[in-house]
Enquirer: 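Structure incoming, see below.
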Amino acid sequence: MMVTTHNLGFPRIGGKRELKFALESYWNGSITQSALLQTGVNLRSTHWQYQKNLDFIPVGDFSYYDHVLDMSFLLGNIPTRSIKDQDTRLDQYFRVARGRSANDEHNENSVFAGEMTKWFDTNYHFIVPEFTKETHFTLNAEHLLAQIQEAQHINPAIKPVLVGPVTYLSLGKTYGDLNKLDLLPQLVKTYAELLSLLAQRQIQWVQLDEPILVTELSKEWQDAFLYTYKHLQNDQLNILVATYFGQLQDNLEILCKLPVQGVHLDTINGFDEIQSLIDTIDANKIISLGIINGRNIWKSDLNTILDWLEPIYQKLGKRLWIAPSCSLLHVPVDLQNESKIDPQIKSWMAFALQKLDELTIIAHALKDGRTSVKQDLNDNHQAIQSRKTSTLTHNPHVRDLCKTITPELGNRNSPYTERFKIQQKILNLPIFPTTTIGSFPQTSDIRKARNQFKKGNIDFQTYEAAMHKEIALCIQQQTDLDLDVFVHGEAERNDMVEYFGEQLEGYVISQHGWVQSYGSRCVKPPILYGDIHRNQAMTLPWIKYAQSLTDKTVKGMLTGPVTILNWSFVRDDQPRSETCYQLALAIRAEVLDLEQANIKIIQIDEAALREGLPLRRSQWDNYLSWAVGAFRIAANGVKDQTQIHTHMCYSEFNDIIAAIAKMDADVITIETSRSNMELLEVFEEFNYPNSIGPGVYDIHSPNIPSKAQIIALMDKARRLIPVQHLWVNPDCGLKTRQWSEVIPALRHMVDAAKQLRKSTINSDFYSSIIRH
Ligand SMILES: Nc1nc2c(c(=O)[nH]1)N[C@@H](CNc1ccc(C(=O)N[C@@H](CCC(=O)N[C@@H](CCC(=O)N[C@@H](CCC(=O)O)C(=O)O)C(=O)O)C(=O)O)cc1)CN2
Ligand SMILES: [Zn+2]
C-alpha cells in the first residue's frame, strides 16, 4: 500500500528574508531586475529541494508580491489604470501592488494601488481582484509555465497550485453595477484553457484552492461551484480542490458532488467532518487530509494522529493523501536557524521544514508500520509529554489572578456623557482635535540602532539615548505641525505586537521566525507558550520621557489583548479566550501605571479585533463576547478623567457596531478615507454615543492628501456624526512612510482642521451646541 504526501504551498519570503531584501533593493534602484529575478530562481529551487521527499511538490505558490495578484495577471485581469507603455511586465505588476513601480515614488507615473485585504483569518494580505462590466479574461500563462519547467528539472512530480475560480471571483470587488457571477462563464473558460496547457506538460494533478468553501455561501454561490467544476473537467488532468481554515458544514455536500478527482480537508479545523466526508464522497476519489497544523509553530502529536489516521488508511488505502492543513505560507521556514530559544521550549516547536518532516514520518509509519520510525515517534512523544507536563507553562499566581476577574472589572465609573464633560475640562481641546495613530516613520537609523543593540554592539544607555533622540525629534515635529494630541512615535518598537511579546513572561521570541504580511513586509509573531505575566512596566519610561518634553498631552500607546493574541503564535493547550484574559490583565496593569504617571490619554490598539472575527458568522457572538470582555478588562479600570482611545484599521463595522460600542472607548480612530467616509454611516444609524476619529487619508499610499480633500471628507463626516464627537487623524500609523511624506500630509491635515473650526464657529449649528 502507499500513501501520497504533498504540500499546499511553501513560505516564499526566504528563511533569511532574501526575497524581502531583494524586492526592496530593486524598488530603491540598488539592484537590477535580473538580480531580483535571480533571487526568485534561487529561492524556488531551494524550496523545491527542501520538499524533494514529497510525492508532489507545489509550483505556483512562489510570488514576487502576492499569489492572488499573480492570479489576476495570469487571467489578464489587470486594472487599466496601471498599464503604462514603458513598463516591463514586472513593473506593471508592482504598479498594481504598490501604486507605483520601481523608482517612481512621487512622479506622475503613480496610480492608486490595488486594494489590499486580509486573506481569510490570517495576517497575510492579498491584492483584491477588480471586476467591472468590461472585465475580460485573457490567459497569460508563460510565467507559470516557465516555473513549471524550472520545477520539473528538479523533480518531475509537481503539482501546480492556483487560487480556484470561485474563490478568486468571490474575493474580488466590483465597480459599477455588476453581478460578479455574470463573469463566471468567461472566467471558467479561461481556467479551462489553462488546465489544457497544464495537461500538455505531463502534469497529473492541479490543486485549486477554494477556501471560500469554509464560509457561509448563498445558494447562488454553491451553484457556482457545481457549474465551475462541471466545466473544468479535463480528461488528461486530475483536479484536487483544496479547502482550509475552517469547517465545510453545509458546503461539504457540495464539495463531494463536484466532478473532480480529489479534495483536501483541513483536519485541524474540520476534524469532525472527516468521517462524513469519507461517507459522502464517491469511492473512487482521492481524499487529502491536512493533518499537520499549517497555522501554528507547535509540534504535532504524531502518535495521536496515527491513532485516528491508521484506521482511515486501512479503509482508504492509496486514496489517502496527507499534507499540512493549509499552505505553510503562514509559518516561518526553519526552526534550526534559532539559537536563542530556551531548549526545552524549542523542543516543542516545528516550523515549515520540521512540519514537512513530521509529514514524512507519518507517511512512513502508515506505509511500513510505526516500528519503521520508532525513534522519531518516541522523540515526538517525549516532546509532547514535556510540553504537557512542564511547569514552564503554568504560573499559579496568574491562574489565581484570572479567577478574580468579574465583568464589573470592565466597567467605567460613569457613563460616557459624564466622562466627556470631565475630560473636556482637563484636556481643553478645540473642536476637530488633531492627532495621529501612534507610529512615525521607522527610519533605517532606528532599525540600525536596534540591530546594533540586539547584537550587543551598543549598550542599553546608548540605545536608549538614540531612541530618546528619535522621540524628541518626533515631539518637535508635532509641535511644529501644531497637532493637538501628541504621540511618542513608537521608535523603540520593532512591531506593535512583538514588542509586547518581548517583555511579557510567557513568551519566547524567535530570531528568524518571519512570516510575510504583505509584499515585502513581514512580521515576526512572538510565541506565546505559557501563562502571561507582566513583570515590569513595558512602555511607561518612553511615554514619560515624551511627555516630559512638551506641555501638550502625549497619548500613552499600547496594543490591546485581542490584537496581541491574534498576531502571536499562541498556545493551543487552552481556549484562546483564556489566554486573551491573561493578556488583558497584563495590559490593564500597564494602563494603570500610565494613569498613575499622569498620562491623560491612553490609546489601546485593537487593529486585529475586527479582523479576527471567525470565518463563520454563527461563531461571531461567542468571539465578540470574550474579545470585547478582554478589551474592557484591559482598558476600563481607569478614572473618569482618563481618556481611553482605541484604534482599528479595518473598519467594516456594519454587523458588529453594538460590540464596538460595548468596548466603551472614549474615542475610536478608524480607517475611512478609502471608503469616502461611507463606513461612518453605521455609526450614525446606531447612534454611536462616543467619539470617533475617522481617518482622513490613506497611509498605505505615498500620495499626499490635499487640504481640500481632507476638508471634503470631514464635511461628510460632520453630517453623520455630532461635531463635538469628531477627531481628525490619518487612517493608521505612519511607520511605513517617510518623513518627507508625513510632514506635508499632516500639515494639510492640521490646516484642514483649523479651517473646519473657523467655519464651524461661524455657523449657527455650532453655536447651538455650545449653548447646549
Ligand atoms: N504584527 C503586525 N501585524 C500587522 C501590522 C503590524 O503593524 N504589526 N499592520 C498591518 C499591516 N502589516 C504590516 C506588517 C509588517 C509591517 C512592517 O513594517 N514590517 C517590517 C518589520 C518590522 C520589524 O519587526 N522590524 C524590526 C527588525 C527590522 C529589521 O529587518 N532589521 C534588520 C537590520 C536592519 C538594519 O540594520 O538596518 C535585520 O534584522 O536584519 C526592528 O525594527 O527591529 C518589515 O517587514 O520591514 C508593516 C505592516 C496588519 N498586520
Ligand atoms: Zn491601524
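Every number for a ligand or one of its atoms is a count from 1 in the order of the listing.
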Enquirer: Counting non-hydrogen protein atoms only, what is the nearest one to atom 8 (N) of ligand 1? Give residue, atom name and distance.
Expert: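 That would be Asp495 OD1, 2.6 Å.
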Enquirer: Note the single closest protein heavy atom to atom 19 (N) of ligand 1, along with its residue, its atom name and the distance in Å.
Expert: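 The answer is Cys522 O, 3.1 Å.
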Enquirer: Measure the distance from atom 43 (O) of ligand 1 to every protein heavy atom, then report the residue, atom name and distance (to 0.1 Å) of the closest one.
Expert: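 Answer for atom 43 (O) of ligand 1: Arg450 NE, 2.6 Å.
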Enquirer: Would you please determine whether Lys118 falls within less than 4.0 Å of ligand 1 on a heavy-atom basis?
Expert: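 Contact absent.
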Enquirer: With respect to Asn123, determine whether any N or O atom, backbone or side chain, lies less than 3.5 Å from an N or O atom of ligand 1.
Expert: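 Yes, Asn123 has an N/O under 3.5 Å of an N/O on ligand 1.
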Enquirer: With His125 as reference, evaluate Glu115, Gln516, Lys118 under the side-chain contact (heavy atoms from CB on, under 4.5 Å) test and give the passing residue.
Expert: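 Testing each of Glu115, Gln516, Lys118 against His125, the sole residue satisfying side-chain contact (heavy atoms from CB on, under 4.5 Å) is Lys118.
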Enquirer: Does an N or O anywhere in Lys454 fall below 3.5 Å from an N or O of ligand 1?
Expert: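 No, Lys454 has no N/O under 3.5 Å of an N/O on ligand 1.
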Enquirer: Evaluate side-chain hydrogen bond (donor to acceptor under 3.5 Å, both in side chains) for Tyr697 paired with Asn703, printing each intermediate quantity in order.
Expert: CA-CA 9 Å; Tyr697 77 89; Asn703 303 339; over 6 Å; no
Enquirer: In sequence, state the C-alpha distance, the side-chain angles, and the governing distance for Ser30 and Asn28, and then conclude on side-chain hydrogen bond (donor to acceptor under 3.5 Å, both in side chains).
Expert: CA-CA 6 Å; Ser30 61; Asn28 74 28; 2.8 Å; yes
Enquirer: OH of Tyr688 to CD1 of Ile668: how many Å apart, nearest 0.5 Å?
Expert: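 It comes to 5.0 Å.
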Enquirer: Take Gln38 and Asn42 through the test side-chain hydrogen bond (donor to acceptor under 3.5 Å, both in side chains) and record every step on the way to the result.
Expert: CA-CA 6 Å; Gln38 189 57 47; Asn42 297 345; 2.9 Å; yes
Enquirer: Minimum distance, heavy atoms only, to atom 7 (O) of ligand 1: which one of Gln452, Met496, Lys735 is it?
Expert: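 Nearest option to atom 7 (O) of ligand 1, by heavy atoms: Lys735.
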Enquirer: Spell out, as yes or no, whether a donor-acceptor pair under 3.5 Å connects the side chain of Asp484 to the backbone of Thr434.
Expert: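 Such a contact is found between Asp484 side chain and Thr434 backbone.
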Enquirer: Backbone or side chain, does any N or O of Trp514 fall under 3.5 Å from an N or O of ligand 1?
Expert: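 In fact, backbone or side chain, Trp514 has no N or O that close.
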Enquirer: Given the Zn ion (ligand 2) as the apex, I'd like the angle to SG of Cys732 and SG of Cys649, rounded to 10 degrees.
Expert: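 For SG of Cys732 and SG of Cys649, the angle centred on the Zn ion (ligand 2) reads 120°.
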Enquirer: Would you say the side chain of Met749 lies within less than 4.5 Å of the side chain of Leu483, judging by non-hydrogen atoms?
Expert: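 They are in contact (side-chain heavy atoms under 4.5 Å apart), so the answer is yes.
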Enquirer: State whether the shortest distance between N or O atoms of Arg17 and N or O atoms of ligand 1 falls below 3.5 angstrom.
Expert: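 Between Arg17 and ligand 1, an N or O pair is found under 3.5 Å apart.
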Enquirer: What is the closest protein heavy atom to atom 28 (C) of ligand 1, and at what distance does it sit?
Expert: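 Nearest neighbour among protein heavy atoms for atom 28 (C) of ligand 1, to 0.1 Å: Arg447 CD, 3.7 Å.
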Enquirer: Taking both backbone and side-chain atoms of Glu24, is any N or O found less than 3.5 Å from an N or O belonging to ligand 1?
Expert: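 Min N/O separation from ligand 1 is not below 3.5 Å for Glu24.
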Enquirer: At what distance is the nearest protein heavy atom to atom 25 (N) of ligand 1, and which residue and atom is it?
Expert: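 Result for atom 25 (N) of ligand 1: Asn494 O, 3.6 Å.
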Enquirer: Would a distance-only check, ignoring hydrogens and angles, find a side-chain to backbone donor-acceptor pair under 3.5 Å from Asp605 to Ala607?
Expert: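 It does not hold such a pair.
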Enquirer: Can His700 and Arg674 be counted as having a side-chain donor-acceptor contact under 3.5 angstrom?
Expert: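 Not at all, the side chains of His700 and Arg674 share no donor-acceptor pair under 3.5 Å.
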Enquirer: Is there a donor-acceptor contact under 3.5 Å from the side chain of Arg632 to the main chain of Lys662?
Expert: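 Answer holds: yes.
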Enquirer: When you look for heavy atoms under 4.0 Å from ligand 1, do you find them on the side chain of Lys20, its backbone, both, or neither?
Expert: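 Side chain only.
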Enquirer: My understanding is that we take every heavy atom of each candidate and find the minimum distance to atom 49 (C) of ligand 1. Doing that for Phe453, Tyr518, Trp567, Phe21, which one comes out nearest?
Expert: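 Of the listed residues, Trp567 has the closest heavy atom.
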Enquirer: Distance to 0.1 Å, residue and atom name: give those for the protein heavy atom nearest to atom 33 (C) of ligand 1.
Expert: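 Nearest protein contact, heavy atoms only, for atom 33 (C) of ligand 1 is Asn451 ND2, 3.5 Å.
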Enquirer: Please write down residue, atom name and distance for the protein heavy atom closest to atom 12 (N) of ligand 1.
Expert: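 Going by distance alone, atom 12 (N) of ligand 1 is nearest to Ser517 OG, 3.1 Å.
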Enquirer: Would you check the N or O atoms of Glu611, main chain and side chain alike, for any that come under 3.5 Å of an N or O of ligand 1?
Expert: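 It does not: no N or O of Glu611 is found under 3.5 Å from an N or O of ligand 1.
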Enquirer: Should the proximity of Arg521 to ligand 1, defined as any heavy atom under 4.0 Å, be assigned to the side chain, the backbone, both, or neither?
Expert: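 Both the backbone and the side chain of Arg521 come within reach of ligand 1.
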Enquirer: On the six-membered ring of Phe245, is Arg295 placed so that its NZ or CZ lies under 6.0 angstrom from the centre and within 45° of the ring axis?
Expert: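 The answer is yes; both the distance and angle limits are met.
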Enquirer: For Trp739 and Phe440, I'd like to know if the aromatic rings sit close, meaning centre-to-centre distance below 6.0 Å.
Expert: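 Judged by ring-centre distance (under 6.0 Å), Trp739 and Phe440 do meet the cut-off.
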Enquirer: Is it the side chain, the backbone, both or neither of Lys524 that has a heavy atom closer than 4.0 Å to ligand 1?
Expert: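 Neither part.
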Enquirer: Okay, side chain of Tyr93, backbone of Tyr65: is any donor-acceptor separation there less than 3.5 Å?
Expert: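 Such a contact is found between Tyr93 side chain and Tyr65 backbone.
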Enquirer: Among all the protein's non-hydrogen atoms, which is closest to atom 37 (O) of ligand 1, and how far away is it?
Expert: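 Minimum-distance protein heavy atom for atom 37 (O) of ligand 1 reads Lys448 CG, 3.4 Å.
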